[in-house]
Participant: 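What follows is a structure written as structure tokens; I'll ask about it next.
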Amino acid sequence: MRCGMYRRDVALVLMVVLVAVLSGAHARDLAMDPDDMVPVELATIGVDRAGGTPLVLLREPESGDVVPIRIGLAEARAILMAQQDVPVPRPQTHDLIDNVFDGLDATLERVLVDDLADGIYYGMLELSVAGRGEPVLVDSRPSDALALAVRSGARILVSPEILQAGQDLEYEGIEDDQVVTALGITVVEATDDLRDALDIGDQAGVIVSGVRGHAAHVGLREGSLIIAVNDETPETPMAFLDLVRETPSGERARIRYLDQGEEQEIEVPTDVPDRRRDEGITL
């Protein structure tokens, strides 16, 4: 019974995606111009301190704020799995949609979280489709759109009003397997097992599990141990995020790390990395 319901859900998703991409139709108009929206970086999944419900935490570089948005449990899991690059034997729903885009020669360029009304968030997928001069907009729940953005590297733009509305929510990190992305650097806790596997000693810090953008181009690699951000030691992934947030406006974050036993230091801009510009980045 549950398997049949899943297949019907997947079929419905595929039908909606196919109709939207091929026809270019969407159910509503954007609430605001994307040029007036704010680029953010999806940092991690947290929980609401009051009720324990899942939140996606978005880093806004201009102000240094980390803003939470409520999402569903399934979408929270999908985001965490994508951040952790967890292999699955068969594609999950968001992986499937991503594969559909590839099959249709469509690229998810931007996720637009454009409106909040009566406690409900609204979003759009902006797709470029081969042979079409104009982008295609597809109405989407922001939680689903954000789960797709983690997989595709699409840019995320959020309404300033939504960022303002989320500032009153109190959040905390999840207890187990916290993974955080900031400055294009994804970090995890330096557990004893990881230290043994990577032959890292007992120096405090967090381990790089993924890296893109400027940080990758200046030499940071997976498996490195970040031992300082602006001369302060991040002992947990959430502490890493907090230290990045505290980087003064207009300055670069100074990252000190160990790579194969050698200490290195790089400076990384705090703006949102654009994965699609990585190959042509100017240092």
Side-chain angles (χ1 to χ4, degrees), residues 12-13 15-46 48 51 53-76 78-79 82 93-94 97-98 100-101 104 106-129 132-171 271-276:
L12 179 60
V13 168
M15 182 178 68
V16 171
V17 170
L18 286 168
V19 170
V21 172
L22 295 176
S23 69
H26 55 273
R28 65 181 183 86
D29 293 325
L30 279 169
M32 68 181 309
D33 191 320
D35 290 341
D36 297 324
M37 299 171 73
V38 180
V40 298
E41 183 177 27
L42 196 156
T44 190
I45 296 298
D48 183 352
T53 55
L55 303 168
V56 61
L57 306 183
L58 305 174
R59 182 182 72 90
E60 199 277 280
E62 190 68 26
S63 66
D65 291 333
V66 170
V67 179
I69 291 180
R70 297 185 190 278
I71 61 172
L73 182 59
E75 291 74 30
I79 289 170
T93 303
H94 296 97
I97 296 173
D98 204 29
V100 170
F101 291 160
L104 294 173
T107 300
L108 178 58
E109 298 289 354
R110 299 192 295 187
V111 163
L112 310 170
V113 186
D114 62 305
D115 201 7
L116 173 61
D118 298 324
I120 299 174
Y121 295 97
Y122 294 86
M124 286 274 193
L125 306 177
E126 183 182 283
L127 303 165
S128 62
V129 183
R132 289 182 178 271
E134 295 294 325
V136 175
L137 294 177
V138 180
D139 199 1
S140 171
R141 295 189 308 172
S143 53
D144 289 322
L146 293 170
L148 288 168
V150 176
R151 286 159 172 76
S152 66
R155 287 177 63 79
I156 302 169
L157 301 179
V158 180
S159 157
E161 289 77 7
I162 291 175
L163 294 177
Q164 186 66 35
Q167 290 179 347
D168 294 334
L169 273 176
E170 294 189 2
Y171 65 86
D271 58 355
V272 178
D274 186 349
R275 190 178 300 181
R276 304 200 187 284

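It should be emphasised that the depicted structure is a prediction, and the values quoted were computed from it without experimental measurement.
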Participant: How far apart are the closest heavy atoms of Val272 and Arg155, and which atoms are they?
Facilitator: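 Nearest pair, atom of Val272 first, then Arg155: O-NH1, 3.8 Å.
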Participant: Supply the atom-to-atom distance Leu127 CG to Arg132 CZ, rounded to the nearest 0.5 angstrom.
Facilitator: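 Spacing of CG (Leu127) from CZ (Arg132) equals 10.0 Å.
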Participant: What distance separates Asp271 CG from Glu62 CD, expressed to the nearest 0.5 Å?
Facilitator: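 CD of Glu62 is found 10.0 Å from CG of Asp271.
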Participant: If the condition is side-chain contact (heavy atoms from CB on, under 4.5 Å), which residues does Thr44 pass it with, not counting sequence neighbours?
Facilitator: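 For Thr44, the residues satisfying side-chain contact (heavy atoms from CB on, under 4.5 Å) (neighbours in sequence not counted) are Leu57, Gln83, Gln178, Val180, Met238.
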Participant: Sequence neighbours left out, what passes salt bridge (Lys or Arg N to Asp or Glu O under 4.0 Å) with Glu41? Give chain and number order.
Facilitator: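 Listed in chain order: Arg59.
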Participant: To the nearest 0.5 Å, what is the distance between CE (Met37) and CD1 (Ile156)?
Facilitator: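 Here the interatomic distance stands at 11.0 Å.
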Participant: Which atom names give the shortest non-hydrogen contact between Ser143 and Gly72, and what distance separates them?
Facilitator: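 Heavy-atom minimum between the residues: CB-N, 4.5 Å.
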Participant: Taking all atoms of both residues into account, what is the closest heavy-atom pair of Ala145 and Val111, and its distance?
Facilitator: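 So the two residues come closest at O-CG2, 3.4 Å.
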Participant: Could you grab the distance from atom CG of Leu30 to atom CG of Asp36, nearest 0.5 Å is fine?
Facilitator: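 One gets 11.5 Å once the value is rounded to the nearest 0.5 Å.
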Participant: Rounded to the nearest 0.5 Å, what separates atom CD1 in Ile45 from atom CD1 in Ile79?
Facilitator: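 That separation rounds to 4.0 Å.
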Participant: Can you find a heavy atom in the side chain of Val40 that is under 4.5 Å from one in the side chain of Val67?
Facilitator: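 No, side chains not in contact.
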Participant: If every non-hydrogen atom of Pro39 is compared with every non-hydrogen atom of Leu157, which pair is closest and at what distance?
Facilitator: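 Smallest heavy-atom distance, with atoms named: CA-CD2, 3.5 Å.
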Participant: So which pairs with a foot in residues 156-165 pass side-chain hydrogen bond (donor to acceptor under 3.5 Å, both in side chains), sequence neighbours left out?
Facilitator: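 As it turns out, the side-chain hydrogen bond (donor to acceptor under 3.5 Å, both in side chains) pairs with a partner in residues 156-165, which skip direct neighbours, are Ser159-Glu161, Gln164-Gln167.
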Participant: Side-chain contact test, heavy atoms from C-beta onward, threshold under 4.5 Å: evaluate it for Leu42 versus Leu58 and give yes or no.
Facilitator: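 Touching, per the 4.5 Å side-chain cut-off.
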Participant: Do Met32 and Pro160 make a side-chain contact, defined as non-hydrogen atoms from C-beta onward lying under 4.5 Å apart?
Facilitator: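 Yes. Closest side-chain heavy atoms under 4.5 Å.
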Participant: In Å, rounded to the nearest 0.5 Å, how long is the span from CG of Leu108 to CZ of Arg110?
Facilitator: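 Answer rounded to 0.5 Å: 11.0 Å.
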Participant: Of all residues at least two apart in sequence or in a different chain, which pass the side-chain contact (heavy atoms from CB on, under 4.5 Å) check with Pro135?
Facilitator: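 Pro135 satisfies side-chain contact (heavy atoms from CB on, under 4.5 Å) with Glu126 only.
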Participant: Using side-chain hydrogen bond (donor to acceptor under 3.5 Å, both in side chains) as the criterion, list what pairs up with Asp48, not counting sequence neighbours.
Facilitator: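 Residues passing side-chain hydrogen bond (donor to acceptor under 3.5 Å, both in side chains) with Asp48: Arg70.
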Participant: What donor-acceptor contacts under 3.5 angstrom involve side-chain atoms of residues 112-123, with partners at least two apart or in another chain?
Facilitator:
unit_1: Asp114; atom_1: OD1; unit_2: Arg28; atom_2: NH2; d: 2.8
unit_1: Asp114; atom_1: OD2; unit_2: Arg28; atom_2: NH1; d: 2.9
unit_1: Asp114; atom_1: OD2; unit_2: Ala31; atom_2: N; d: 2.8

Participant: Among all residues two or more places apart in sequence or in another chain, which pass the side-chain contact (heavy atoms from CB on, under 4.5 Å) test with Asp35?
Facilitator: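 Asp33.
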